[in-house]
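Remember, it's a predicted structure, so these values are computed and weren't measured experimentally. Per chain, numbering begins at 1; letters A, B, ... match sequence-line order.
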Protein chains: 2
Amino acid sequence: MNLAATIKDIKDMTGLSLATISKYLNGGNLLPKNREKIERAIAELHYEVNEMARGLVTSKSKVIGVVVFDIANVFTCTLLKYLGERFREAGYAAMICDSQNDAQQEADNIRFLVNKKVDGMIIIPVAQEAGFLEPALKADIPVVLMDRSLEGSGIACVKVNNRESSYQALEMLYNYGHRRIAVIGSDRELTGRERLDGCLQLLKDKKNEIPASYLKIGCHSIEHGYNSMQELLRLKEPPTAVFLGNFEIILGAVMALNESSFQCPSDISLIGFDDLIISNLSNPRLTLVVQPLRDLADNAAGLLLERLQNNKNTSGETDPEKQKQGDLILPAQIVEGSSIARRL
Amino acid sequence: MNLAATIKDIKDMTGLSLATISKYLNGGNLLPKNREKIERAIAELHYEVNEMARGLVTSKSKVIGVVVFDIANVFTCTLLKYLGERFREAGYAAMICDSQNDAQQEADNIRFLVNKKVDGMIIIPVAQEAGFLEPALKADIPVVLMDRSLEGSGIACVKVNNRESSYQALEMLYNYGHRRIAVIGSDRELTGRERLDGCLQLLKDKKNEIPASYLKIGCHSIEHGYNSMQELLRLKEPPTAVFLGNFEIILGAVMALNESSFQCPSDISLIGFDDLIISNLSNPRLTLVVQPLRDLADNAAGLLLERLQNNKNTSGETDPEKQKQGDLILPAQIVEGSSIARRL
DNA sequence: TGCACAGAGCGAAACGTTTCACTCTTGGGA
DNA sequence: TCCCAAGAGTGAAACGTTTCGCTCTGTGCA
């Protein structure tokens, strides 16, 4: 039916040339009289730029691809929210792809976004090697990682100081007088390994040996948290404090604890890594290592937008030295609840 | 540098015409020998279709726009996950836009997606009137709503039976012997109003009058839940049971309860509307009205995909009667925890 | 042997922009 | 008064596909 108006219709209506109208659309200088004419025509015709035609010529889409390992969790979607805000301010839209924790799908996502000619990408990766990024790098699309670095890839990653924060979390337990400290964590992703590292380092530094049964290493899942906590509580000598490696583990562990006869913090103290919102639900309120999600998103978005800007200026001739930026590591913050008891 | 290969490079390499190669790309019939030639060339050149050029000609993008009122919550992003799965299966990608609970931004999002020439839209709206959808409807883009209908708009909405489920939830409290029943809810969105309606209807049907102070009507926010619960507990005669209208309200209310000396369920019983996952954290486990998120997403995606299919077949000549579909209403399910005590 | 027809391939136009290189106009300084 | 530069506008080519209407080839049947 009524096909969308094009620049040609404006030309017919105003008598101006395509080039002039294009100039107007892209913010060039025009005689006020012509400017007015065009504006009237646009209003009357309800003209809207056809982004595909524009994209075809400029090979820019004003779209940023965001690839996340799993979209259905609070960590991810809060980041998405903040990222979205930044991009929108800068005139970019976000195209969000969920990898569903599957490396194959992640690789597909990258290819898909390359085809869509996104101008840049933010990625929270599933894979542990940078190979899957090749299509993007080949197409000269700037990439910024979040949360999980790809070691040795030379691709910048914005993340939290997992190691140091976990160290501090365990230090807190230690300073409260705890010696029988258990750790439920994951060694499946870098993030988890870094957190484990931090925990083990503190124990080592304090020469606070713990039995192997206190070390529950699996993946970041509700199940692992649930089972591990059950096992810990069943021990002849259960720990007096437990470090919970991420949101899902907290969820599972608290569930197991709630079903048991143990009380927090009188019987068992808890400190968790991740989300703030959940601490509202548990009683007592959990003490948590909280990631500065807003800062993480702001920095990642800023880094990417800056690159997009630079790429435009230097028209591709980017200094390879500048590309090889290291990680940007932000401090996490311990927010105290009342889930840690003092032991003397 | 190495510009992406185009169909023309394949032409040069194979000696075939552009039309033939295009035919190959779109699944037409070719001599095996030519098919092979093209495949070899594609592999060698790492050719990938330029979606913008294709889109310019076909004015199809194979992208579905998803506009959500707020991206940073479990309800939304779980839906996004399921929707994404369906769309991916059907060869579509999702472009997700966050309206941040702001009608202005929502209208911008619609315009943006129309410009991006998305093939269809799924919308969980902020606005209560359908006006903001005009750009999409004008451009003949099929739209399916979720969770919140736009009354009188004639646009299909996939949602849960808020009224009936809330009715049943209150009935459950009533059947457990509760008479002093309070309701914390929202009248800001249709969803909230429907739930309130259901609650009030049960009270009416049972001729179970409650004091005005038991009716806490505000918005779906943590704050409203928190403040309302505090106020209820401070009453001379507090309720024995409370209905919590959505996830955020549950969060706030449980927080207030945890800080008080009241115990659930001995002092006060709870039933909440929304998310399953949170019930794992609270102690005791909450009894909840749970929405069938997977079904909601499957149905919404199915409805939209079907329309896209039909539009293609009939090339625009859609029966206006068919467009004016009513809402698709799915039943929610009450999942019992142990947050309701028996009162006799 | 001739004919019709289906299948395969082709050339060129079209999609709606941007951009390059050019022309025209105007006004100010020498 | 003349000249020049800056500013404003223009026509045409280009971006990488799809698609329309056409031609060519070869097969099977009468």
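Among the heavy atoms of the strands, none lies under 4.0 Å from Tyr24(A). Note on Leu31(B): only backbone sugar-phosphate atoms sit closer than 4.0 angstrom, heavy atoms only; bases stay farther off. Thr6(A) comes within contact range of the sugar-phosphate backbone alone, with a heavy-atom separation under 4.0 Å but no base atom that close.
Among dT17(C), dT19(D), dG11(C), the nucleotide with an atom closest to any side-chain atom of Ser17(B) is dG11(C). Nearest nucleotide to the Ile7(A) side chain, out of dT17(C), dC10(C), dT18(D): dT17(C). Listed nucleotides: dG11(C), dT19(D), dA14(D). Nearest to the side chain of Val57(A): dA14(D). Set against dT19(D), dT17(C), dT18(C), the side chain of Tyr47(A) has dT17(C) as its closest nucleotide.
Counting to the nearest Å, the P atom of dC15(C) and the NZ atom of Lys11(A) are 14 Å from each other. Going from atom CG of Leu18(A) over to atom P of dT18(C) covers 10 Å, rounded to whole Å. Note: CG (Leu16(B)) to P (dC24(D)) measures 18 Å, nearest angstrom. Going from atom NZ of Lys8(B) over to atom P of dT17(D) covers 9 Å, rounded to whole Å. Atom CG of Leu56(B) is separated from atom P of dT19(D) by 12 Å (rounded to the nearest Å). Rounded to whole angstrom, the span from the CD atom of Glu48(A) across to the P atom of dG16(C) amounts to 15 Å. Rounded to whole Å, atom C1' of dA8(C) lies 12 Å from atom CD1 of Ile38(B). Straight-line distance from the CD1 atom of Ile21(B) to the C1' atom of dG16(D): 12 Å, rounded to whole Å.
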Inset, instruction - Could you give me the CA-CA distance, side-chain angles and deciding distance for Lys159(A) and Ser149(A), then say whether side-chain contact (heavy atoms from CB on, under 4.5 Å) is met? - result: CA-CA 8 Å; Lys159(A) 58 190 290 200; Ser149(A) 0; 3.0 Å; yes
Inset, instruction - Decide salt bridge (Lys or Arg N to Asp or Glu O under 4.0 Å) for Arg86(A) and Asp298(A); before the verdict, give the C-alpha distance in whole Å, the side-chain angles of both, and the deciding distance to 0.1 Å. - result: CA-CA 7 Å; Arg86(A) 286 286 154 278; Asp298(A) 284 357; 3.0 Å; yes
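Comparing Asn50(B) and Thr20(B) by the nucleotide of DNA chain D that holds the closest heavy atom to each, the one mapping nearer the 5' end is Asn50(B).
A pairwise comparison of heavy atoms in Ala136(A) and Val143(A) identifies CB-CG2, 4.1 Å as the closest pair.
At the phosphate of dA8(C), OP1 or OP2 sits under 4.0 Å from a side-chain N or O atom of Asn29(B).
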Restricting both atoms to N or O, compile the protein contacts to nucleotides 4-6 of chain C shorter than 3.5 Å, with distance only.
none

If you look only at distance, which donor and acceptor atoms sit under 3.5 Å apart when one is on a side chain in residues 93-104 of chain A and the other is two or more places apart or in another chain?
residue: Asp98(A); atom: OD1; partner: Ile71(A); partner atom: N; Å: 3.3
residue: Asp98(A); atom: OD1; partner: Gln100(A); partner atom: N; Å: 2.9
residue: Ser99(A); atom: OG; partner: Val68(A); partner atom: O; Å: 3.4
residue: Ser99(A); atom: OG; partner: Asn109(A); partner atom: ND2; Å: 3.2
residue: Gln100(A); atom: NE2; partner: Gln105(A); partner atom: OE1; Å: 2.9
residue: Asp102(A); atom: OD2; partner: Gln105(A); partner atom: N; Å: 3.1
residue: Gln104(A); atom: NE2; partner: Asp108(A); partner atom: OD1; Å: 3.4

Would you list the atom pairs, donor with acceptor, under 3.5 Å between side chains in residues 39-48 of chain A and any protein atom, with sequence neighbours excluded?
residue: Glu39(A); atom: OE2; partner: Tyr24(A); partner atom: OH; Å: 3.0
residue: Glu48(A); atom: OE1; partner: Asn115(B); partner atom: ND2; Å: 3.4

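Residues Arg294(A) and Glu85(A) are paired through a salt bridge, judged by an N-O separation under 4.0 Å between the basic side chain and the carboxylate.
Residue-environment remark: CD (Glu129(B)) stays at or below the threshold of 12 foreign heavy atoms within 6.0 Å.
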